[in-house]
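Shown next, in structure tokens, is the structure this report addresses.
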Amino acid sequence: MSTQITRALLAALLCATASAQSSRVVALPDTQNYASSYPQIFNSQTQWVASRFVPDGIAFVTHLGDVVNDAATLSQWNTAKSAMSTLDGAGVPYGICPGNHDFRYPGTFFDPFGTSYRANFGPQIFQGEAWYRGSSPSELSSYQVIEVDGTELLFLHLSVETPAAELAWAQTVLNAHRNLPTWVSTHRYLFKWGPLGAGRYDEFNYFFEPPYVPEGIPADAFFNGFVAANRQIFLVHCGHNDGEHRQLSTNAFGLPVHEVLADYQTTFGNGGNGWLRTMDFDIDGGTITVQTYSPFLDDFRTGSDSQFVLDVDFDSYRASSNFLKFQEGVTGYSGTQDTWISDEDRNTSYGSSGVIVVDDDVNNSIFSDRQGQGLLRFDGITRGPVLEGEPDPSQVPLGATIERATLRLDLAGDTNLFDPGFDVYRMSRAWSESSTWNDLGGGIDPGTDTIGGVLGRFQGDNDPDLDFSRSVDVTPAMAAWAAGEPVHGFAILPEVVTLNDDGIEIRSSEDGQSALRPSLEVVFTYEPVNVAPTVTASLAVDRGVVRQGDEVLLTFAATDPSPLDPLTFRVDGQDVAFATGSGEAKHRVLMDTAGTFTFTAQVSDDEATVAAGSVTVEVLQRETAGSTPSGPILGTIQR
């Protein structure tokens with residue numbers, strides 16, 4: 001019997017004897033020092049989980065990255081694999097997000113492909129497990145669907161400093177599971193640096209601890225462009241930075257997002273002393289009760305950062321709406337057009353620039369105000385109506401209801417004085433990346449070249465400092481485009497402030513890091529256009545000639561583009577069968593009258609009716625006792 005089959009049978013047996021509502025999730029922070037120096041502590045953690053899997057109703061284990069200390073040292077991978085295999089043997093579902101040490105060290109060693117990580121914890125290890133749903137193309141990120149306290153939750157494990165390609169894959173996972181509240185595990189996201197404070201990694205932190213992964217996405221961009229943009233994410237858990245911290249942020253839907261850090265590798269002794277997190281879910285009560293426990297010490301940590309309760313209204317994180325994000329080079333989108341025009345260089349085009357300059361005086365002169373004005377457009381974002389049965393669209397269907405549209409920008413440079421505002425308008429006229437100040441008749445004139453008033457305003461000066469992300473609600477513009485109006489994009493114009501000569505530089509679609517390029521996020525609903533059912537087998541009869549009193553069997557079949565559409569099968573206006581999505585009708589009719597009869601069939605879904613053919617049956621009069629037979633004599637019976 002194969003190992004996978006054995007694991008599957010064991011898991012089924014254990015689940016059958018476990019409590020009906022497994023409600024505990026265990027988080028394993030960085031195990032790197034255990035893999036290198038304290039294997040007994042690593043083993044104590046996984047052995048404890050295995051022993052408590054059934055009694056404590058453990059539903060899932062999430063590893064927060066840095067499985068090993070030195071990616072190049074195979075013995076450490078062997079130690080880690082041995083410890084985690086204890087979970088395999090007990091049938092415990094788990095997921096892992098690789099950390100920086102799983103790619104790097106010792107010395108200058110760097111394996112960007114995570115070869116050893118993939119060999120030991122890649123998708124092939126989980127083959128056949130129903131809860132393991134897939135990995136990214138790189139095999140470095142994965143997702144699992146787990147029943148916790150009677151409710152299915154989605155767990156996303158994302159590689160350290162998740163590059164844009166990984167995040168694009170993760171977005172497709174969320175798009176396909178909009179109704180599942182989602183937990184995200186990643187490695188480096190939050191910090192706690194003593195008197196320097198705590199929070200998401202920012203430019204200050206990255207200056208002292210540079211990114212470990214090329215093209216990695218900064219923590220704020222990760223939150224603003226991914227976490228906050230997806231309604232269903234209720235929690236982000238990370239490790240990496242020694243210490244404990246938690247904070248509460250708000251996503252674009254006004255819902256709280258819990259952000260939690262736990263890592264004990266440095267200051268807690270013995271490489272972490274075996275501290276792990278137990279998180280008990282009460283879905284109906286809307287809480288997650290968190291404790292910090294060490295199987296190695298058989299002890300609990302106390303204090304508000306070690307024991308606490310998170311409030312989560314799980315149902316509010318279910319996203320019934322569709323979500324699309326348009327960003328150059330991400331998920332195959334390539335329709336962004338952007339440039340800026342200059343009152344100083346009136347015949348110069350800046351369509352190939354890596355920044356969009358918006359400034360009330362590009363010359364920084366006290367004697368004149370020469371504006372720089374930004375232009376930004378997302379082409380190919382709408383499409384015709386979606387037909388019933390088609391997959392979720394990758395463009396916004398015409399006629400869709402726009403619930404929210406958000407323009408996100410990242411600043412490469414910002415103002416330092418006066419804190420001026422910058423206004424976003426909807427453009428009313430065509431333009432291109434080669435447009436200049438003079439091409440547009442002397443710049444953009446609000447009210448003449450734009451439609452309506454200001455869509456939104458953002459500030460140039462940082463508050464707090466080093467926050468470079470900006471977002472603007474542009475729902476009215478997207479609603480107009482979904483209604484069929486031409487998509488001419490946005491104008492971004494500076495507020496003119498006396499004596500202010502400093503503007504902003506917005507990263508353009510040509511920026512080298514795709515995650516920092518402008519994006520348009522759209523949340524919408526739509527009604528597919530009904531498509532009539534297809535008759536797959538026309539009306540047929542088992543016998544075309546029968547005697548009075550005989551039965552005939554009428555059959556016909558149909559299918560609908562929507563597997564959820566109810567189908568009604570009718571013969572001569574009488575409902576004879578029902579099905580959902582597809583089906584076959586079998587209808588018996590007693591032919592009690594002689595003559596010739598025609599039957600006509602139809603199939604209807606909830607909006608359309610189609611003909612399903614017709615058949616004719618001839619009914620011969622049945623002979624009675626003592627009557628003279630009609631027709632030729634075929635033979636006689638000899639007595």
Side-chain angles (χ1 to χ4, degrees), residues 8 12 16 130 145 147 150 152 176-179 320 384-393 397 399 525-639:
V145 175
E147 185 175 297
E152 282 194 335
H177 300 83
R178 304 295 293 167
N179 64 326
S320 58
V386 178
L387 301 181
E388 184 182 54
E390 290 184 343
D392 286 339
T525 59
Y526 69 95
E527 289 294 332
V529 175
N530 185 70
V531 177
T534 299
V535 175
T536 56
S538 297
L539 182 65
V541 65
D542 60 341
R543 292 180 293 166
V545 180
V546 297
R547 296 280 185 181
Q548 272 183 280
D550 289 346
E551 284 187 340
V552 295
L553 177 63
L554 302 174
T555 58
F556 58 112
T559 188
D560 195 89
S562 171
L564 301 179
D565 253 9
L567 296 180
T568 302
F569 297 82
R570 296 186 180 91
V571 175
D572 291 346
Q574 176 188 354
D575 295 348
V576 298
F578 303 92
T580 301
S582 64
E584 179 184 21
K586 294 183 178 181
H587 179 54
R588 293 186 179 275
V589 181
L590 176 64
M591 309 304 296
D592 55 0
T593 304
T596 300
F597 301 90
T598 299
F599 297 95
T600 301
Q602 295 176 315
V603 180
S604 299
D605 64 4
D606 51 353
E607 295 184 44
T609 300
V610 295
S614 61
V615 294
T616 299
V617 178
E618 183 181 0
V619 183
L620 302 178
Q621 186 174 9
R622 182 171 294 279
E623 298 171 356
T624 60
S627 64
T628 302
S630 61
I633 297 176
L634 299 178
T636 59
I637 299 176
Q638 301 294 326
R639 294 183 181 273

* Asked: P533 and A608: which non-hydrogen atoms are nearest, and at how many Å?
  -> CD-O, 4.3 Å
* Scan for ring-ring contact (aromatic ring centres under 6.0 Å, His included) pairs involving residues 542-579, sequence neighbours excluded, and state none if there are none. => F556-F569
* Step by step, would you call L554 with L539 a side-chain contact (heavy atoms from CB on, under 4.5 Å)? -> CA-CA 7 Å; L554 302 174; L539 182 65; 3.9 Å; yes
* Considering non-hydrogen atoms only, spot the tightest contact between P393 and P397 and give its length. => CG-CG, 3.8 Å
* Shortest non-hydrogen contact from P391 toward V386 -> O-CG1, 4.3 Å
* **Within residues 534-552 or reaching into it, pairs that qualify as side chain to side chain donor-acceptor pair (under 3.5 Å) - sequence neighbours excluded** => D550-R622
* To do: List for me each residue that meets ring pair (Phe, Tyr, Trp, His ring centres under 6.0 Å) alongside H177, sequence neighbours excluded, and say none if there are none.
  => Y143
* Which residue pairs pass the side chain to side chain donor-acceptor pair (under 3.5 Å) test when at least one of the two sits in residues 553-581, sequence neighbours left out? -> R570-D575, R570-S604
* Which residues satisfy the side chain to side chain donor-acceptor pair (under 3.5 Å) test with E584, sequence neighbours excluded? -> none
* To the nearest 0.5 angstrom, please state how far the CG atom of D606 sits from the CD atom of E388. => 6.5 Å
* To do: Kindly write out the residues that satisfy salt bridge (Lys or Arg N to Asp or Glu O under 4.0 Å) with E390, not counting sequence neighbours, or none if the list is empty.
  => R383
* To do: Report yes if some heavy atom in the side chain of V619 is under 4.5 Å from a heavy atom in the side chain of T593; otherwise report no.
  => no
* Structure fact -> When every non-hydrogen atom of L590 is compared with those of G549, the smallest separation belongs to CD1-O, 3.2 Å
* Asked: What closest approach, in Å, do G581 and L567 show between heavy atoms, and which atom pair accounts for it?
  -> O-CD1, 3.6 Å
* Asked: Nearest heavy-atom pair of V531 and D605: which atoms, and what distance?
  -> O-OD2, 3.3 Å
